[in-house]
Amino acid sequence: MFPPVHIADIAQHEGKEVTLHGWLYNRRSSGKLHFLQVRDGTGIIQCVVFKGNVTPEVFHEADHLPQETSLSVTGLVKKDDRSPIGFELDVRELKIVARPAQEYPIGHKEHGVAFLMEQRHLWLRSQRQQVILRVRHTVEKAIRDFFDARGFTLVDAPIFTPSACEGTSTLFEVPYFDLGKAFLTQSGQLYMEAAAMALGKVYCFGPTFRAEKSKTRRHLTEFWMVEPEVAYMDLDGDMQLMEEFVSHVVQTALAKHRKELETVLERDVSKLENVKPPFPRITYTEAVEVLQKAGHPMKWGDDIGGDEETVVAKQFDRPVMVHRYPAEMKAFYFKKDPTDPKVALGCDVLAPEGYGEIIGGGERESSLETLEAAIAQHQLPKEAFEWYLDLRRYGTVPHAGFGMGVERCVAWICGLHHVRETIPFARMMERITP
RNA sequence: UCCCCAGUAGCUCAGUUGGCAGAGCAGGUGACUGUUAAUCACCGGGUCGCAUGUUCGAGUCAUGCCUGGGGAGCCA
């Protein structure tokens, strides 16, 4: 059985007889010719079964195989201009590995989203889902490569946490032995701050959980986030890191998957070509002015919601960095702007085309006294943050970081309507299976 | 938590004023030597989400519930 020939490498075998292992994707017939579309995970190739080239039994069987039959096909690799991949297999032998026990539920006609999500374990076999998962893989590798090349150390953050990191979101609660309850992490950031004081430049990359009852195309209850944190870095350095990071991820995905994005996902990739530094930077105050001019009735201090984000993002041809939000809107650990204490030194990156916030981050408060006051002001239990305050007690330094949601980034790159297609098995408020 | 929409064949949907439950695809049988979601002919396929009510009669009207989808808030 091994080593097998893969469809992606079929050009190397022109004129030779090879055996492919795969699954039947589709089948058509024209009398003395049967056309079998066979996929093997690396591509799809048309296998032509001509009556004169195989036994009568094989010829008859070839016309009666149901979709998703697993099979081995042996034949001659022939160049053919009518093929989308340039080659066909002229079949000599056909071996059935297994016939489907029942009719395959997903046909080649349209299906509803609810049905496909219920069949997610099978839906992954479609070309579209294969491309999305490959882009996700490339994005995750690009994330790792970017930080690794810059001397960052990957530090894994815990999944069980004793309390809310930020004290704002709703968390998933789990029983935890004699210690009462634990929570599933909502962010590894606080732990990365500790790690940055040890290793200088660090990042964590793992799953994150939010128990908010969010039912929108941008939300999952379980998603993957990358969170870098750097000692001796201020907001300006952080923003520069953000734009270089996002550009690297997008350009890597574009270089590797341009053709699939264009053909299978029908993505207008010209919109991704612009994603290069520098990104436009505007303050929250300027964003409010833009929105007021666009006719949105809002005043300074109001939240910039989904619709407003889209309006702001549409002013630019690449991601826009909105910085210096009102301090009240941000978590307790953000450093306030020394020149204007009303605003926090935070920055969000808004993706174009209505994909919204893909990054949130900023400079952290480094003063012990100011941080203690912020914890009190947010009415958070100080005991839970004593270890975090220790980071300010022993050699505190300016530092900054950010978090990027992988699913929103992949949805934007692929031009998808909903983030649920960017993760193999989505976890949402109303769905936990398959 | 709130607002809107949908639930009819395996899938996608139509179903008029309340009056015999329909189509396309998928499946089965057959035809076709170049099909690209092939085409053509024939065949099988139903707890109309669940419950109660109105009515001579409910897929259709009313009320409640369930499930799913979209959005808001919150966020990545």
Side-chain angles (χ1 to χ4, degrees), chain A residues 25-37 44-53 59-60 63-68 78 80-85 88 90 100 102-119 122-123 126-127 165-166 168-171 185-189 207-227 242 246 302-309 329-331 348-351 355-361 402-412 417-420 422-423 428-431:
Chain A
Y25 187 72
N26 201 6
R27 167 172 59 78
R28 283 179 288 273
S29 176
S30 185
K32 294 188 174 111
L33 282 174
H34 301 319
F35 302 99
L36 307 180
Q37 265 71 38
I44 294 180
I45 191 167
Q46 174 156 279
C47 303
V48 184
V49 186
F50 176 52
K51 197 171 185 176
N53 286 344
F59 184 75
H60 182 263
D63 199 27
H64 290 80
L65 296 173
Q67 196 184 341
E68 289 302 311
K78 284 188 174 173
D80 196 307
D81 293 337
R82 290 167 292 195
S83 162
I85 63 166
E88 289 186 339
D90 193 6
Q102 293 163 31
E103 180 191 330
Y104 188 66
I106 302 177
H108 294 292
K109 296 280 178 178
E110 60 195 297
H111 292 286
V113 177
F115 174 77
L116 289 169
M117 284 305 288
E118 264 154 41
Q119 309 291 332
L122 303 175
W123 190 22
S126 76
Q127 273 188 288
C165 288
E166 305 181 13
T168 51
S169 303
T170 319
L171 305 189
T185 184
Q186 154 211 47
S187 166
Q189 181 202 314
T208 302
F209 309 88
R210 302 278 167 93
E212 269 122 11
K213 294 188 173 177
S214 303
K215 288 181 67 174
T216 83
R217 73 184 79 172
R218 301 186 307 279
H219 289 89
L220 299 166
T221 55
E222 176 184 314
F223 64 97
W224 285 65
M225 188 156 68
V226 55
E227 294 174 283
M242 289 178 194
V246 171
D302 287 350
D303 209 351
I304 297 182
D307 291 346
E308 287 83 23
E309 276 181 6
M329 288 166 52
K330 290 289 175 181
D348 289 349
V349 177
L350 307 183
Y355 282 93
E357 185 182 345
I358 53 167
I359 281 182
F402 63 84
M404 185 187 78
V406 168
E407 288 76 16
R408 284 190 187 174
C409 182
V410 174
W412 164 45
H417 181 68
H418 200 299
V419 292
R420 67 187 152 207
T422 66
I423 188 163
M428 289 175 293
M429 199 179 132
E430 307 283 2
R431 179 173 301 285

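Here the structure is a predicted model, which is why all the values come from computation and not from measurement. A, B, ... follow the sequence lines: proteins, then strands. Residue 1 opens every chain.
Summarising the base pairing, rG7(B) is matched to rC66(B) through a Watson-Crick or G-U wobble pair whose two defining distances lie under 3.5 Å. Under the Watson-Crick or G-U wobble criterion, with both distances below 3.5 Å, rC2(B) is paired with rG71(B). The partner of rA21(B), taking Watson-Crick or G-U wobble pairs whose two distances both stay under 3.5 Å, does not exist in any strand shown. If you check rC40(B) for Watson-Crick or wobble pairing at under 3.5 angstrom, you find it paired to rG30(B).
For the C1' atoms, the distance linking rC25(B) with rA14(B) amounts to 14 Å, nearest Å. As rounded to the nearest Å, rG7(B) and rG15(B) have P atoms that lie 10 Å from one another. A distance of about 13 Å separates the P atoms of rA62(B) and rC5(B), rounded to the whole Å. Comparing rU17(B) with rC13(B), their C1' atoms are spaced 23 Å from each other, to the whole Å.
When heavy atoms are screened at a 4.0 angstrom cut-off, S29(A) is found touching base atoms of the nucleic acid. Across all strands shown, Q102(A) has no heavy atoms under 4.0 Å from either base or sugar-phosphate atoms. Residue F223(A) is in base contact, counting any heavy-atom pair closer than 4.0 Å across all strands shown. Using a 4.0 Å heavy-atom cutoff across all strands shown, D80(A) reaches at least one base atom of the nucleic acid. I359(A) comes within contact range of the sugar-phosphate backbone alone, with a heavy-atom separation under 4.0 Å but no base atom that close. Within 4.0 Å (heavy atoms only), H34(A) reaches no atom of the nucleic acid at all.
Atom CG of L220(A) is separated from atom CZ of R210(A) by 11.5 Å, given to the nearest 0.5 angstrom. In this structure, the separation between CZ on R218(A) and CZ on R420(A) is 13.5 Å, given to the nearest 0.5 Å.
Of the candidates rC74(B), rG68(B), rU33(B), the closest approach to any side-chain atom of A114(A) belongs to rG68(B).
For S214(A) against rC74(B), a side-chain N or O and a base N or O form a donor-acceptor pair under 3.5 Å. On a pure distance criterion of 3.5 Å, no polar donor-acceptor pair joins the side chain of E430(A) and the base of rU67(B). Residue-to-nucleotide contacts include a donor-acceptor pair under 3.5 Å from the side chain of E88(A) to the base of rG34(B).
When atom types are taken as modelled, the side chain of H108(A) and the backbone of Y25(A) share a donor-acceptor pair closer than 3.5 angstrom. Within the 3.5 Å criterion, the main-chain N or O of F59(A) finds a donor-acceptor partner in the side chain of H34(A).
Along RNA chain B, the nucleotide closest to I358(A) and the one closest to S30(A) are compared, and the more 5′ of them pairs with S30(A). Looking at which nucleotide of RNA chain B each of M225(A) and P84(A) is closest to, the 5′-most match is held by P84(A).
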Going 5' to 3' through nucleotides 24-29 of chain B and flagging B where a protein heavy-atom sits under 4.0 Å of the base, S where only the sugar-phosphate is that close, and - otherwise, we get -SSS-S

**Check against side chain to side chain contact (heavy atoms under 4.5 Å, CB included), E88(A) and S83(A)** = CA-CA 7 Å; E88(A) 289 186 339; S83(A) 162; 4.2 Å; yes

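Atom NE2 of H111(A) is separated from atom C1' of rC11(B) by 5 Å (rounded to the nearest Å). Rounded to whole Å, the distance from CD on Q119(A) to C1' on rU12(B) is 14 Å. Rounded to whole angstrom, the span from the CG atom of D307(A) across to the P atom of rC75(B) amounts to 16 Å. Here rA72(B) presents its P atom at 10 Å from CD of E309(A), a figure rounded to the nearest Å. In this structure, NZ of K215(A) is placed 22 Å from P of rA76(B), rounded to the nearest angstrom. The CG-C1' distance, from D303(A) to rC75(B), rounds to 10 Å in whole Å. When rounded to the nearest whole Å, the span between CE of M428(A) and P of rC74(B) equals 22 Å. Counting to the nearest Å, the P atom of rG71(B) and the CZ atom of R217(A) are 4 Å from each other.
Residue R431(A) places none of its side-chain N or O atoms closer than 4.0 Å to OP1 or OP2 of rU67(B). Contact annotation: R82(A) side-chain N/O to rU35(B) OP1/OP2 distance is not under 4.0 Å. Listed pair R420(A) / rG70(B) meets the phosphate criterion, a side-chain N or O lying under 4.0 Å from OP1 or OP2. Contact check, K213(A) against rU1(B): a side-chain N or O comes under 4.0 Å of OP1 or OP2.
Scanning both residues, I358(A) and R408(A), for their nearest heavy atoms gives CG2-CB, 3.9 Å.
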